[in-house]
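Side-chain atoms are counted along with the backbone in the values below, which use heavy atoms only and exclude waters and symmetry mates. Just so you know, ligand 1 is whichever comes first in the structure, and atom 1 is the first atom listed for that ligand.
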Amino acid sequence: MASTRTPHQIRNFVAGQFIDGVATFEKRSPVDGSLVSEVHEAGRVHVNAAVDAARTALETGWAAASVQKRVTLMRRVADIIERRFEDFVAAESADTGKPLGLVREADVPRAAANFRSFADTVASAGLHSYLTELNDGRSALNYAVRKPLGVVAVVVPWNLPLLLLTWKVAPALACGNTVVVKPSEETPATATLLAEVMAEAGVPAGVYNVVHGFGPDSAGEFLTTHPGIDGVTFTGESGTGSTIMRAVAASVKPVSFELGGKNAAVVFADANLDKAVDGLARSVFLNTGQVCLCTERVYVERPIFDEVAAGLAERARALRLGRPDDPNTTTGPLISLGHREKVLSYLKLAQDEGAGVIAGGGVPALGGDLDAGAWIEPTLWTGLDNSHRTVREEVFGPVAALIPFDTEAEAVRLANDTAYGLAAVTWTSNLERGHRVAQQMRVGMSWVNTWYLRDLRSPFGGVALSGIGREGGEHSMHFYTEPTNVCVQL
Ligand code: NAD
Ligand code: 6OD
């Protein structure tokens, strides 16, 4: 087996082998523009080979393997990720520019946790059967056999590359599916490192395959339009989800989509303000605002508006932008210069729309080679309302608009006035109000007095433009398996 660890070479992983592609493209660091790796782009022929390999592995043992065998292998994968913890940290940080501390705290531990959690879910899944008794005296025993969906296409973005990849691969494999993974062109490294782990753990060749490349007219499109796949699980932009849905519509394949958001936080005057402002600083700025759950709209009850705005602006200015290996760094760059162009266009648009800028608003002067990176200042706006594009469209950067409200009903109405529906946060010391407001949010995930606190068994996903379906615990099992009901007349 050729190694992925040849300096700067990232290869596809098909049928247990690392293989070259039709061309290579450069992956550059968002920190300073330096070359991170050369990535082998899969052509249609390689995607075909990956789907064939996944089909063969599915039908020659993986789908029929015992649950015990599969979960044992998944737990072994988790163990090896933990043993190679620092390899994953280095690879993830090199691709994304994230501070090492953040990757150590969040991304890599979650990858191992994903494999353990779904191994537990599948290992403990119950058998359900029930008796049917009809008026005419007949009775029957019904039971459902859950079978793997089949060959699953897994297409993921760049913001939490390993976390989001393993969030899908772990349940898919534990349920007996095989996968062809298409990581983002911006973050090819950790999916490739995971291939080494799969091989070492003893996961059979063809069960886990990786094809690198872009979306349209490249590996992403070749994979999602391939007739040999049985379903697509996708995380990314809502527009891309729509394209993929069209691609699989003709053959009516199941999809699970985790898409974009324009998430709201609502802060009531009775909230613990220190906690609320700390929480907001996290939900607006974590990972440079590049988490789908990040807050981009902050509705604040009018009497505390100035205090919340001042507190959040102070925390924005306290963030330390810098190199990933500097222990003082809290905030990395955006993923790429291209993404920065998009975020900058919203900074300009906010000005045109009449926003007041109370923090940030531009490109920081960090000096030296960092000036070639994709840096942006954490930015807060006031003076906007729900009619402005800046408040309606997903920016996916460290930005938020602060908007006052006067009543609870108005807060709920403003928060729900969006085409998206992923996540919301309510800050209040009134528990009744917390429950009442949280339930009225038209979203998949509604937090009270916290943000991004996760139990991996809970349903994760969004409504409206934010997605289709839920993943997590048994919800993932519903997507990654198909039940066949057997009815036996007694
Ligand atoms: P993206 O949609 O541009 O790309 C995601 C993946 O899809 C990449 O691997 C890309 O190469 C591939 N792709 C692009 N076009 C394709 C096509 N036509 N056919 C097949 N594959 C294609 O998203 P991104 O820029 O990588 O990620 C940012 C977006 O992801 C944001 O909108 C963010 O909100 C969303 N996101 C959502 C969640 C969630 O859980 N809801 C989580 C993370 C990110
Ligand atoms: O924590 C998770 O399981 C998850 N799917 C997070 C998604 C974050 C979006 O960027």
* Asked: Among the heavy atoms of G467, does any lie under 4.0 Å from an atom of ligand 1?
  -> no
* Structure fact -> closest protein heavy atom to atom 27 (O) of ligand 1 is P157 CB, 3.3 Å
* To do: Answer yes or no on whether R323 is positioned over the face of W375, meaning its NZ or CZ is under 6.0 Å from the six-membered ring centre and within 45° of the axis.
  => no
* For the residue pair W158 and F396, is the inter-centroid distance of their aromatic rings smaller than 6.0 Å? -> yes
* Asked: Should C292 be counted as touching ligand 2, given the test is an N or O pair under 3.5 Å?
  -> yes
* Could you check atom 22 (C) of ligand 1 against the protein and tell me its nearest heavy-atom contact, residue, atom and distance included? => G215 CA, 3.5 Å
* **R454: numbered ligand 2 atoms lying under 4.0 Å from its heavy atoms** => 1 (O), 2 (C), 3 (O)
* To do: Only heavy atoms count here, so choose which of T240, L293, L465, V154 is nearest to atom 15 (N) of ligand 1.
  => T240
* Asked: For ligand 2, which atoms have a heavy atom of E258 less than 4.0 angstrom away?
  -> 5 (N)
* **Ligand-residue contact atoms, ligand 1 with F460, heavy atoms, under 4.0 Å** => 40 (O)
* Any idea which protein heavy atom is nearest atom 24 (P) of ligand 1, and the distance to it? -> W158 NE1, 3.3 Å
* To do: Run the numbers for me: atoms of ligand 2, each under 4.0 Å from some heavy atom of L164, listed by number.
  => 4 (C), 5 (N), 6 (C), 7 (C)
* **Residue, atom name and distance, where the atom is the protein heavy atom closest to atom 37 (C) of ligand 1** => L259 O, 2.9 Å
* To do: For T243, take its heavy atoms, then give the atoms of ligand 1 lying under 4.0 Å from any of them.
  => 18 (N)
* To do: Report yes or no: does S184 have a heavy atom closer than 4.0 Å to ligand 1?
  => yes
* Structure fact -> For V291, the ligand 2 atoms with a heavy-atom partner under 4.0 Å come out as 8 (C), 9 (C), 10 (O)
* **E185 neighbourhood, listing ligand 1 atoms whose heavy-atom distance to it stays under 4.0 Å** => 10 (C), 11 (O)
* Could you list the atoms of ligand 1 found under 4.0 angstrom from a heavy atom of G236? => 2 (O), 23 (O), 29 (C), 30 (O), 35 (C), 36 (N), 37 (C)
* Run down the list R246, E258, E394 and name the one with the heavy atom closest to atom 34 (O) of ligand 1. => E394
* Within less than 4.0 angstrom of ligand 1, does F234 place any heavy atom? -> yes
* To do: Pull out every atom of ligand 1 sitting under 4.0 Å from any heavy atom of N159, numbered as shown with elements.
  => 43 (C), 44 (C)
* With distance as the sole test, does N177 use its side chain to make a donor-acceptor pair with the main-chain N or O of G150 at under 3.5 Å? -> yes
* Structure fact -> The protein heavy atom nearest to atom 6 (C) of ligand 1 is V156 O, 3.5 Å
* **atom 21 (N) of ligand 1 - nearest protein heavy atom and its distance** => G220 CA, 3.6 Å
* To do: Identify which of Y452, W167, W158 has a heavy atom lying nearest to atom 6 (C) of ligand 2.
  => Y452
* Asked: Within the structure, does Q290 bring an N/O atom to less than 3.5 angstrom of an N/O atom in ligand 2?
  -> no
* To do: Show which atoms of ligand 1 fall inside a sub-4.0 Å distance from at least one heavy-atom site of P183.
  => 9 (O)
* Structure fact -> ligand 2 to R110, heavy atom cutoff 4.0 Å, flagged ligand atoms 1 (O), 2 (C), 3 (O)
* Structure fact -> Exactly one candidate in E296, E393, E394 meets salt bridge (charged side-chain N to carboxylate O under 4.0 Å, His left out) with K262; the answer is E296
* Asked: Say you draw a straight line from OG of S34 to NZ of K27; how long is it, rounded to the nearest 0.5 Å?
  -> 9.5 Å
* To do: Could you check S251 against K253 for side-chain hydrogen bond (donor to acceptor under 3.5 Å, both in side chains), going step by step and ending with a plain yes or no?
  => CA-CA 6 Å; S251 50; K253 292 199 174 115; 3.3 Å; yes
* May I ask whether S218 places a heavy atom under 4.0 Å from ligand 1? => no
* Those atoms of ligand 1 less than 4.0 Å from some heavy atom in T235 -> 5 (C), 36 (N), 37 (C), 38 (C), 39 (C), 40 (O), 42 (C), 43 (C), 44 (C)
* Which ligand 2 atoms does N159 reach within 4.0 Å, using its non-hydrogen atoms? -> 9 (C), 10 (O)
* **Protein contact of atom 39 (C) of ligand 1 - nearest heavy atom, named by residue and atom, plus distance** => C292 SG, 3.2 Å
